[in-house]
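Residue numbering restarts at 1 for every chain, and letters A, B, ... go by the order of the sequence lines. It should be emphasised that the depicted structure is a prediction, and the values quoted were computed from it without experimental measurement.
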Amino acid sequence: MTQAPEIQDEMPRAYEPGNIEDKWYRFWLENNYFEPVIDPDKKPFVIIMPPPNVTGELHMGHAITAALEDIMTRWHRMRGEPTLWLPGVDHAAIAAQVVVERQLAAEGTDRHQMGREKFLERMQQWVKECRQTITNQHKKLGISCDWSRERYTMDEGPSRAVMTTFQHLYDKGLIYRGERIINWCPRCGTALSDLEVDHMDLSGHLYYVRYPLAGESGSIVVATTRPETIVGDTAVAVNPNDDRFKSYIGKNVVLPAVNREIPVIADEAVSTEFGTGAVKITPAHDPVDFEVAQRQNLSFINILNEDMTMNENAGPYQGMDRFDARVAIVKDLVESGQLVKTEDYNHSVGHCQRCQTIVEPLVSKQWFVKIQPLAAPAIKAVRDGSIKVVPQRFTKVYINWMENIYDWCISRQLWWGHRIPVWYCLACEEIIISAGTPGTCPKCGSSNIEQDPDVLDTWFSSGLWPHSTLGWPDDTEDLNYFYPTSVMETGYDLIFFWVARMIMLGIENTGKIPFHTVYLHGLIRDDQGEKMSKTKGNVVDPLISMEKYGTDALRFALTTGTSPGNDSRLSTSKMESSRNFANKLWNATRFVVRNIADGQTATEIRRDSLPVEDRWILSRLDRTVATVTGLMDDFQFGEAQRQLYDFLWSEYCDWYIELAKIRLHSTSEDTLSPLPVLVHVLETSLRLLHPYMPFVTEELWQNLKRHLPSDWQQCESIMIAPYPETTAGAIDSGSEQVMESIIEIVRSIRNARTEHKVENSRWIEARIYAGELTQAITPHAPSIEALARARPVSIQDTRQEDGGEENALVLVLTGTEVVIPLESMVDAEAEKKKLEKEIAGTSAEVTRLEARLKDENFLSKAPPDIVEKERQKCYSLINKLERLRQQLLKY
RNA sequence: GGGCAGUUAGCUCAGUUGGUUAGAGCACUCGGUUCACAUCCGAGAGGUCGAAGGUUCGAGUCCCUCACUGCCCACCA
């Protein structure tokens, strides 16, 4: 084991994250804590990290991913499970190619000028730089992933998984090559899948164009948003039940501009409501028309070149750009009198997800995955709960999409990506599928063979990620032990792109689901709720935030107030309060450590002899352990975090430490030192918090460890220390009740001091009448004195009506009363008003409770413990009400 | 056109098998140089939980309707 980094003896006044983060990360790495030890007797916990794209630097989306996955990973590791978190990066075919193409454009060149080989070299170089940046940023985030198992989609293993899958699906008939309508991005020069097209509403026009009947008078008017496609029309379709057009069916019309005759046909797909009720059919450039044409056996006329100029089929418009052709044809239609009218019209237009260019639907020869046979088992796995989706509502979204899925176009006319493992024999036209480079055609023996120039959709390789990273198609130890994985944690925006494909391909390739749970997080927005984007300039850089507030603070801020699947905002105020919390812990530990004398805390905590505040904080700690564990089991990390925050700040620091100070300062030899409990609770809390704030908890824990009993010295790091569990007998409701009373008394005195403007330096007398609680509270008079700055504090059973209270303030509390004689005049009127207000509130509550407790329905239907609770509450409120009323009479 | 989410304090949000008089952070008001912490401490003010119905002994929480906001999906030219 590597020697632990040095801990300063004297802790600085404020936590300075910059000084400690790197040393601990190095220490963890050097000791291989991130690497799991395979133990066949234990069930492992496994997360495969969503691989960031090699498109630049990490953003807040990556940071929340890292934070959540590290929380889960560290938590399970501390619970003693062999825990694997496997990191990786994605070559991101189109996304990365677009980034580098932009760089080339800025340099005044492009990929075609460079040539394929040079361009790929340039890509490799970019990937190298990018991976370095990503790795450094991930390390800065403190994540405990197993770097020895890091994978890259273009590595030999994952690449072989891609080829193997392609071959397998081809052999099974699930991959085919066909001429079908696809989305074409003219800028990227490639086909896109439906998912890679973003639809945006644009304002345009609806043109009404008259098509004259061939050989007779009469005409049909059709409406179109893309008049340039007229030259590619091969029919006009009407609804078969539309009486307006029944007589036209079977006749021919003449296309304007190109004077070609096309038939009028009937098809159910045509709505009688929209436009004129007659639709021009352009099978090669519209997905709906494509389907109509298939049904009706119509011909296809491609009118576009790949650069989106009109081709030889466009007659007079040949050579024009698609949008120039639109203008030209409209002009011609106006001149020929065939444009009936033009309406303003907003319609949705597809844009390339990566470069925002308007895409064009066109018929093209591409490779497709026949998806339904893959979708069926993937639907089943989620529907029957084999794969659990958190939050559950996304189950419906997933199933709905999967049930309406179309075949997946997987070929891309890009250069960057996995080359399609297909060779064509130029001699006999044989199609050869091969992972390696085949020398000759196996059918005719010709060596005149050529590889398909295209690459695969990047999501094809990502879809294999959970098994390809673990060694598939080989039968590896990792694959056998770690697969299926435990949790797939990612953003909800990736359900279709990625999650669905991993489930389909995972089941197909391995026969097993790829993961048991899908945890989906929301988008991180800016403090105004806007999506962060470079163009808006509202991007918050994780590195800068980490520099400024510390890694723990950024991570804590990201998971503050989040719940699964919900978007959240990141604000400086969240990062500040998270930083403040880290500093609070720092100082609490600083306080504890300072008070420790060597060996002092080594004593075992003997629960039977502890004062009430010790039993109280131990009881509260135990409840916190139970609550936090329960919430984390349920993936409620934001809420678990809040529970820890509240416990540490509002209970441990605000009350327990303050109470402990009194005993620490005590000169009496009978006083039991609070240090063992002080240390125990802090130490346990640090372990509870470690998955959320790994760095500060490690530093503080190491600091504290030096003072812990010897059996703790063997544990080298908090990150491999056991996660706290509940302790039998720790819950102590009696002590909790007494402490609640003490807190109430202290608060009421403080409040009275403030309201009556008692200077801080002045001590005031307080007489407490505690009834049943007298015995329990009496030993704590010194605590009340110190915390409320009240002296002397006397505690008696019942209040003596012996006068001396003319100018005293009487505070009626839940089970107790506090009398404070004041030198200054008590404003009787004001006190009376306050009392009346409190009486009104209490009395209303009592009325409600009494009614409920008289209600037969309530008594018979509500669970007994609830009834009992309500009854107790009612008693105590009646009692308080009575005392409030008596007090009122005195004014 | 379908679907989903959100609507709780001035702002940002928690509140998960329905069960105290609904919470936090930030902001605000007042007071604090007591030896862990001013990145702090103490005290306070601030909410008919979007609207209207319903189920229930009991509703912020479950059901119905509506309004507004946001998101996703979709082949009406």
Toward the 5' end of RNA chain B, by each residue's nearest nucleotide, A/His665 or A/Tyr492: A/His665

Please state whether the phosphate of [N], meaning OP1 or OP2, lies under 4.0 angstrom from any side-chain nitrogen or oxygen of [X].
X        : N     : value
A/Tyr345 : B/A77 : yes
A/Trp649 : B/A36 : no
A/Lys396 : B/G3  : no
A/Lys531 : B/G70 : no
A/Lys757 : B/G31 : no
A/Arg594 : B/A36 : no
A/Arg569 : B/C11 : no

Validation row: A/Glu639, A/Ser563 side chains within 4.5 angstrom (heavy atoms): no

Distances for protein N or O near nucleotides 25-28 of chain B N or O, under 3.5 Å:
residue	atom	partner	partner atom	Å
B/G25	O2'	A/Ser577	OG	3.3

Should the pair [X]-[Y] be classified as a salt bridge under the 4.0 Å nitrogen-to-oxygen rule?
X        : Y        : result
A/Arg642 : A/Asp646 : yes
A/Glu658 : A/Lys661 : yes
A/Arg590 : A/Glu10  : no
A/Arg747 : A/Glu744 : no
A/Asp526 : A/Lys536 : no

Rounded to whole Å, please give me the gap between [atom1] in [X] and [atom2] in [N].
X        : N     : atom1 : atom2 : value
A/Asp289 : B/A77 : CG    : P     : 11 Å
A/Asn595 : B/C35 : CG    : P     : 14 Å
A/Phe591 : B/A36 : CZ    : P     : 6 Å
A/Ile749 : B/G42 : CD1   : P     : 16 Å
A/Asn760 : B/G32 : CG    : P     : 7 Å
A/Leu787 : B/A43 : CG    : P     : 11 Å
A/His756 : B/G44 : NE2   : C1'   : 15 Å
A/Trp401 : B/C71 : CH2   : C1'   : 18 Å

Chi angles and distances behind the salt bridge (Lys or Arg N to Asp or Glu O under 4.0 Å) call for A/Lys834, A/Glu755: CA-CA 12 Å; A/Lys834 265 168 59 185; A/Glu755 290 206 340; 2.8 Å; yes

Taking the [atom1] atom of each, how far is [N] from [M], in whole Å?
N     : M     : atom1 : result
B/A59 : B/G54 : C1'   : 11 Å
B/U29 : B/C72 : C1'   : 45 Å
B/A67 : B/A22 : P     : 31 Å
B/C49 : B/U61 : P     : 9 Å
B/G25 : B/C41 : P     : 10 Å
B/C11 : B/A51 : P     : 15 Å
B/U16 : B/G60 : C1'   : 13 Å
B/G70 : B/C63 : C1'   : 24 Å

Short side-chain donor-acceptor distance under 3.5 Å, A/Asp344 and A/His205: yes

Parallel, tilted or perpendicular: ring planes of A/Tyr656 versus A/Tyr652, cut at 30 and 60 degrees: parallel

State which of [options] makes the closest approach to the side chain of [X].
X        : options             : value
A/Arg590 : B/C75, B/C37, B/G31 : B/C37
A/Val270 : B/U39, B/A43, B/A77 : B/A77
A/Glu658 : B/C37, B/C40, B/G44 : B/C37
A/Phe496 : B/U34, B/C73, B/C41 : B/C73
A/Arg789 : B/U34, B/G3, B/A36  : B/U34
A/Arg13  : B/A77, B/A38, B/C40 : B/A38

Nearest atoms (heavy-atom pairs only) where A/His707 meets A/Val593: NE2-CG1, 3.8 Å

Backbone N/O of A/Leu704 and side chain of A/Glu683: donor-acceptor pair under 3.5 Å: no

At 4.0 Å (heavy atoms only), tell me whether [X] reaches a base, stays on the sugar-phosphate, or touches nothing.
X        : value
A/Arg579 : base
A/Ile657 : base
A/Leu877 : base
A/Arg753 : nothing
A/Asp654 : sugar-phosphate
A/Val279 : base

Stem list, RNA chain B (Watson-Crick or G-U pairing under 3.5 Å, at least 3 consecutive pairs): B:1-7 with B:67-73, B:10-13 with B:23-26, B:28-32 with B:40-44

Whether over 12 other heavy atoms sit under 6.0 Å from A/Glu759 CD: yes

Spacing of A/Leu523 atom CG and A/Arg569 atom CZ [to the nearest 0.5 Å]: 12.5 Å

Separation of A/Ile495 CD1 from A/Leu195 CG (nearest 0.5 Å): 11.5 Å

Within the sub-3.5 Å range, which N or O atoms of nucleotides 15-20 of chain B have a protein N or O partner, and how far apart are they?
residue	atom	partner	partner atom	Å
B/U16	N3	A/Gln636	OE1	3.3
B/U16	N3	A/Gln636	NE2	2.6
B/U16	O4	A/Gln636	OE1	2.1
B/U16	O4	A/Gln636	NE2	2.9
B/U20	O3'	A/Lys873	NZ	2.6
B/U20	O2'	A/Lys873	NZ	3.4

Among A/Asn595, A/Ile617, A/Leu664, A/Ile662, the one residue meeting side-chain contact (heavy atoms from CB on, under 4.5 Å) with A/Pro674: A/Leu664

